[in-house]
Amino acid sequence: MSMMDVPYDSHRLEGDAPRVNISEAGPAPKRIVVGYGFWIFLLSDFVMFSGFFAAYAVLSGATAGGPSGRTLFDLTNVAIETGCLLLSSFTCGLARLAVQHRSQLWTQVALAMTGLLGLVFVILEVREFWEMAAQGAGPGRSAFLTSFFTLVGCHGLHVTLGGLWLATMMAQIWFKGFKPTILLRFYCFSLFWHALDIIWVAIFTLVYLVGAGT
């Protein structure tokens, strides 16, 4: 479309760029589309966990005569899990600083530490589930335990999938370097990992601390 084809606008000052219809501006850049899409994904995840939290709040007292959180929860083990996940968020932040400085070595070191701490978290959580099931407190024992395993297990599954994503990111950065597309994926991963920390803080407070004191 040439300048001669743009209709004259009496309200437009001389020297201003001609106004272009949104439909004629072309598609949005890929980074904007991916960014919006990823934020929608994160928000949908928060909505899903909100439903799990609501279900747990309603069913937390429905023990059907079985064990409650006060007898099942080991706060020492949960505190170690929390420390590992919060520290992994810190190392993920260090990885982001290393990426900004385009340091291949420190990026890999920080990401490896993040993945290792995430792995320790998952192992401790699986051990907790295993011990509870061995005591006859599996997810089918009561509505309370069903909601507990669903909420905490779903978060643990997210951490596991995040660890696989992290390993993929490490390989891509190592072999392909700091390309714009890879950096975009890395920034999306870091947002995802920090979001898992926020959800876990809510689980630690509302499920474990409140449950152990009830």
Side-chain angles (χ1 to χ4, degrees), residues 42 45-46 48-50 52-57 59-61 63 66-98 106-142 144-170 186 189-214:
L42 284 182
D45 237 22
F46 277 110
M48 179 187 68
F49 275 104
S50 296
F52 288 154
F53 274 111
Y56 177 82
L59 300 173
S60 58
T63 60
S68 64
R70 187 170 186 176
T71 58
L72 289 174
F73 297 157
D74 180 1
L75 291 185
T76 300
N77 183 77
V78 178
I80 297 174
E81 290 180 59
T82 303
C84 287
L85 200 59
L86 293 179
L87 189 57
S88 74
S89 187
F90 173 73
T91 56
C92 185
L94 293 180
R96 181 158 185 164
L97 291 176
W106 289 110
T107 298
Q108 296 294 333
V109 169
L111 289 178
M113 292 174 63
T114 302
L116 181 60
L117 290 166
L119 179 61
V120 172
F121 172 87
V122 172
I123 290 174
L124 290 175
E125 189 168 278
V126 170
R127 188 185 72 173
E128 178 190 25
F129 286 176
W130 182 271
E131 291 176 350
M132 290 174 65
Q135 298 173 29
R141 177 63 181 82
S142 64
F144 154 66
L145 287 169
T146 299
S147 61
F148 168 79
F149 275 89
T150 302
L151 172 58
V152 181
C154 184
H155 178 271
L157 178 61
H158 276 67
V159 176
T160 303
L161 296 176
L164 296 175
W165 186 2
L166 186 150
T168 303
M169 289 302 313
M170 291 179 66
F186 169 76
F189 164 78
S190 63
L191 285 174
F192 175 77
W193 198 259
H194 293 315
L196 293 181
D197 265 11
I198 295 172
I199 294 171
W200 178 255
V201 169
I203 292 175
F204 175 70
T205 305
L206 301 177
V207 175
Y208 286 103
L209 290 183
V210 174
T214 303

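What you see is a predicted model; the values in this text were computed from it and never measured.
- Ring-plane geometry between F148 and F129 is classed as perpendicular, the angle between the planes exceeding 60 degrees on a 0 to 90 degree scale with a lower cut at 30.
- Note: W200 and Y208 have tilted aromatic rings, judged against thresholds of 30 and 60 degrees for the angle between ring planes.
- In this structure, D45 and M48 have side chains that are in contact, with non-hydrogen atoms separated by less than 4.5 Å.
- Taking all atoms of both residues into account, the shortest heavy-atom contact from T91 to T114 is OG1-OG1, 2.7 Å.
- At least one side-chain heavy atom of V207 sits less than 4.5 Å from a side-chain heavy atom of F73.
- At a threshold of 4.5 Å between non-hydrogen side-chain atoms, the residues M113 and L87 do not count as touching.
- Contact annotation: the side chain of N77 approaches that of E81 to within less than 4.5 Å [non-hydrogen atoms, C-beta and beyond].
- At least one donor-acceptor pair under 3.5 Å links the side chain of H158 to the backbone N or O of C154.
- Annotation: the span from L111 atom CG to L94 atom CG amounts to 10.0 Å, rounded to 0.5 Å.
- Remark: side-chain polar atoms of S147 are not paired, donor with acceptor, to backbone N or O of A55 under 3.5 angstrom.
- Annotation: side-chain contact (heavy atoms from CB on, under 4.5 Å) contacts of L191 (sequence neighbours excluded): F38, W39, L42.
- Interatomic distance, L119 CG to L166 CG, rounded to the nearest 0.5 Å: 11.0 Å.
- In this structure, the side chain of T146 engages the main chain of P139 through a donor-acceptor pair within 3.5 Å.
- More than 12 heavy-atom neighbours from other residues, nucleotides or ligands sit within 6.0 angstrom of CZ on F46.
- Among all heavy-atom pairs drawn from L209 and T205, the shortest one is CB-O, 3.4 Å.
- No side-chain donor-acceptor contact under 3.5 Å links S89 to the backbone of L86.
- Ring geometry for Y56 against F144 counts as tilted: the plane angle lies between 30° and 60°, on a 0 to 90° scale.
- Distance check, rounded to the nearest 0.5 Å: CZ of F121 to OG1 of T82 gives 7.0 Å.
- Contact detail for L117 and C84: the closest heavy-atom pair is CB-O, 3.6 Å.
- Contact check for W193 versus V159: side-chain heavy atoms found under the 4.5 Å cut-off.
- In this structure, F189 and G162 approach most closely via the heavy-atom pair CE1-O, 3.4 Å.
- Between W106 and L97, the closest side-chain pair of non-hydrogen atoms is not below 4.5 Å.
- Residues M132 and L145 form a side-chain contact, since some pair of their non-hydrogen atoms from C-beta on lies under 4.5 Å apart.
- Every residue two or more places apart in sequence or in another chain that forms a side-chain contact (heavy atoms from CB on, under 4.5 Å) with R96 is listed here: Q100, F186, Y187, S190.
- In this structure, A95 and T107 approach most closely via the heavy-atom pair O-OG1, 4.3 Å.
- In this structure, CD1 on I203 lies 10.5 Å from CZ on F52, to the nearest 0.5 angstrom.
- Under the 4.5 Å side-chain criterion, counting only non-hydrogen atoms from C-beta, D74 is not in contact with E128.
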Could you give me the CA-CA distance, side-chain angles and deciding distance for T63 and S142, then say whether side-chain hydrogen bond (donor to acceptor under 3.5 Å, both in side chains) is met? CA-CA 5 Å; T63 60; S142 64; over 6 Å; no
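- A side-chain donor-acceptor contact under 3.5 Å links Q108 to the backbone of M170.
- Between G156 and V122, the shortest heavy-atom distance links the atoms O-CG2, 4.4 Å.
- The ring of H155 has its center no closer than 6.0 angstrom to the ring center of F204.
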